[in-house]
Amino acid sequence: MSESTLKKTRNYFRCIGSVNEIDLTREDCKINLKDKDGNDDGTMVGERIRGRLTVKTDEGIVELRVFFQSHNSKPDKNGKRENSRWKMAESMMDWNPAIGGNGEEPTLVNIEGTFDINDYFNSNTNEVSSVLQLNVSKASTKVNANDAKGCSWNGVVYIKDINHEVVNEEETGRLIVNLLGVNGKSEVFPIKAVVEKDLAEDFEDAYEPKQTVCMDIDVIARHVGKKKENKKAFGRSGAVEVNNGFDVTEYVIVGADEPIEEPEDEEKVNKLLDKHGVIVKTIDNGKDCL
């Protein structure tokens, strides 16, 4: 069978909660243009809104990345480049956050988007590091106050390896599962996922490395490292808590489908790629992906 081609995998998250903090900038920019065939077609002056925001859910605070431009690089079928989501992006600037807001109730929002990779220079190691980031593609304030407040992702991933979590030289009973997905630019993004203790045995019985699986993952922020409170010989603790730990974001696997089997017939492989994106041999043979 000939070598297959990396294609985008299913990749979709939804986050519902109240706006915690907003750090967005609106500025003029130069937009690089493409013609309908994808060739360079000059530049135009436009605007962009970029930055980050955090949303408070029942499972902690989730950080999201925002990047929208007033015009699209490629024209639509009518030759126009106006971004249909620009007004939506503008409205995000008016949301009321809990931190730095007007003191009223924070804006309740429903945000959708995709997982992606963020490469940055790590000054501690003098190397380029990669982390997972959540990119916003749609945002709305049309939310039912009774909806569950959380952040969940669904997508097709390749299982790179499965390991038992070890903390302070002892196994916790949880699993650390390193996953790989593919974005719309055929770039691989990593997900360091967790399987909780009560599901660990079932997960190991059902899945193994080098399988491709559609999974459901919850994004959970939890607090770790809080110092145990000791009784004071005199008085009480200070008004502000010192050395009270830190927050970590975990990607917890809560469900998964049967592994996607790759057929030997090349025509069937291509149909499978069109449906699911990346498949087992695609990443396993892709030297540039690992």
Side-chain angles (χ1 to χ4, degrees), residues 11-29 47-70 82-116 118 131-155 191 194 196 216-227 229 236-255:
N11 173 11
Y12 171 85
F13 78 79
R14 186 183 185 201
C15 180
I16 298 177
S18 58
V19 179
N20 183 65
E21 191 172 8
I22 293 179
D23 182 16
L24 298 178
T25 301
R26 181 172 181 169
E27 59 193 6
D28 294 333
C29 68
E47 289 185 279
R48 66 185 170 204
I49 293 174
R50 64 175 178 171
R52 55 177 286 276
L53 62 88
T54 58
V55 174
K56 185 176 181 180
T57 73
D58 293 339
E59 301 292 349
I61 295 173
V62 178
E63 181 173 319
L64 309 168
R65 178 184 177 273
V66 175
F67 186 91
F68 291 98
Q69 295 188 143
S70 57
E82 285 78 11
N83 185 349
S84 61
R85 295 182 178 177
W86 180 245
K87 287 185 177 180
M88 177 201 74
E90 289 180 306
S91 70
M92 296 172 69
M93 304 286 291
D94 297 326
W95 288 352
N96 182 48
I99 299 174
N102 58 19
E104 297 182 2
E105 197 71 19
T107 306
L108 190 62
V109 294
N110 173 16
I111 297 176
E112 300 174 16
T114 59
F115 281 3
D116 208 341
N118 177 30
V131 296
L132 191 67
Q133 76 180 11
L134 282 67
N135 289 343
V136 175
S137 58
K138 294 174 63 178
S140 170
T141 57
K142 296 179 180 180
V143 185
N144 188 322
N146 296 322
D147 286 346
K149 311 303 186 297
C151 183
S152 297
W153 178 86
N154 174 262
I191 305 173
V194 174
E196 296 291 5
D216 291 299
I217 292 176
D218 282 348
V219 182
I220 295 175
R222 64 184 182 90
H223 199 73
V224 298
K226 184 175 181 179
K227 190 175 180 180
E229 188 70 29
R236 58 174 176 77
S237 299
V240 177
E241 196 168 7
V242 180
N243 295 327
N244 63 339
F246 55 93
D247 291 330
V248 297
T249 299
E250 291 189 329
Y251 302 91
V252 181
I253 300 171
V254 294

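Computed from a predicted structure; not experimentally measured. We number each residue from 1, following the sequence as shown.
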Response to the item:
The residue among N20, L108, I111 that forms side-chain contact (heavy atoms from CB on, under 4.5 Å) with V55 is I111

Donor-acceptor under 3.5 Å ([X] side chain, [Y] main chain):
X    : Y    : result
D218 : I220 : no
D58  : A148 : no
K149 : D147 : yes

Atom pair [atom1] ([X]) and [atom2] ([Y]), whose distance is rounded to the nearest 0.5 Å:
X    : Y    : atom1 : atom2 : result
E63  : L134 : CD    : CG    : 9.0 Å
K56  : S18  : NZ    : OG    : 6.5 Å
I16  : N110 : CD1   : CG    : 4.5 Å
F67  : R48  : CZ    : CZ    : 5.5 Å
Q69  : E82  : CD    : CD    : 13.5 Å
I217 : W153 : CD1   : CH2   : 5.0 Å

Practice prompt. For this output row, return yes or no: ring centroids of Y251 and F115 closer than 6.0 angstrom.
Written response: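 So the answer is yes for these two rings.
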
Report yes if the side chains of [X] and [Y] come closer than 4.5 Å at any heavy-atom pair, otherwise no.
X    : Y    : answer
V219 : T249 : yes
I22  : W95  : yes
R14  : E112 : yes
F13  : S152 : no

Heavy-atom closest pair, residues [X] and [Y]:
X    : Y    : value
M92  : L53  : CE-CD2, 3.5 Å
N11  : T114 : O-CG2, 3.2 Å
E47  : D28  : CG-OD1, 3.7 Å
N118 : Q133 : CB-OE1, 3.1 Å
E196 : V252 : CG-CG1, 3.9 Å

Discussion item. Using the rule given for side chain to side chain contact (heavy atoms under 4.5 Å, CB included), can you reason through R85 versus S137, listing the C-alpha separation, both sets of side-chain angles and the distance that settles it, and then say yes or no?
Written reply: CA-CA 8 Å; R85 295 182 178 177; S137 58; 3.6 Å; yes

Discussion item. With salt bridge (Lys or Arg N to Asp or Glu O under 4.0 Å) as the criterion, how do R26 and E90 come out once you've worked through the C-alpha distance, each side chain's angles and the decisive distance to 0.1 Å?
Written reply: CA-CA 9 Å; R26 181 172 181 169; E90 289 180 306; 2.7 Å; yes

Practice prompt. Please assess E27 against R50 for the test salt bridge (Lys or Arg N to Asp or Glu O under 4.0 Å), listing each intermediate value before the final yes or no.
Written response: CA-CA 9 Å; E27 59 193 6; R50 64 175 178 171; 2.8 Å; yes

Discussion item. Please evaluate residues T107 and N96 with respect to the criterion side chain to side chain donor-acceptor pair (under 3.5 Å), reporting the C-alpha separation (whole Å), side-chain torsions for both, the decisive distance (0.1 Å), and the verdict.
Written reply: CA-CA 5 Å; T107 306; N96 182 48; 5.4 Å; no

Item to complete: Start with the C-alpha distance between C151 and V62, add both sets of side-chain angles, then the distance that settles side chain to side chain contact (heavy atoms under 4.5 Å, CB included), and finish with yes or no.
Response: CA-CA 8 Å; C151 183; V62 178; 4.0 Å; yes

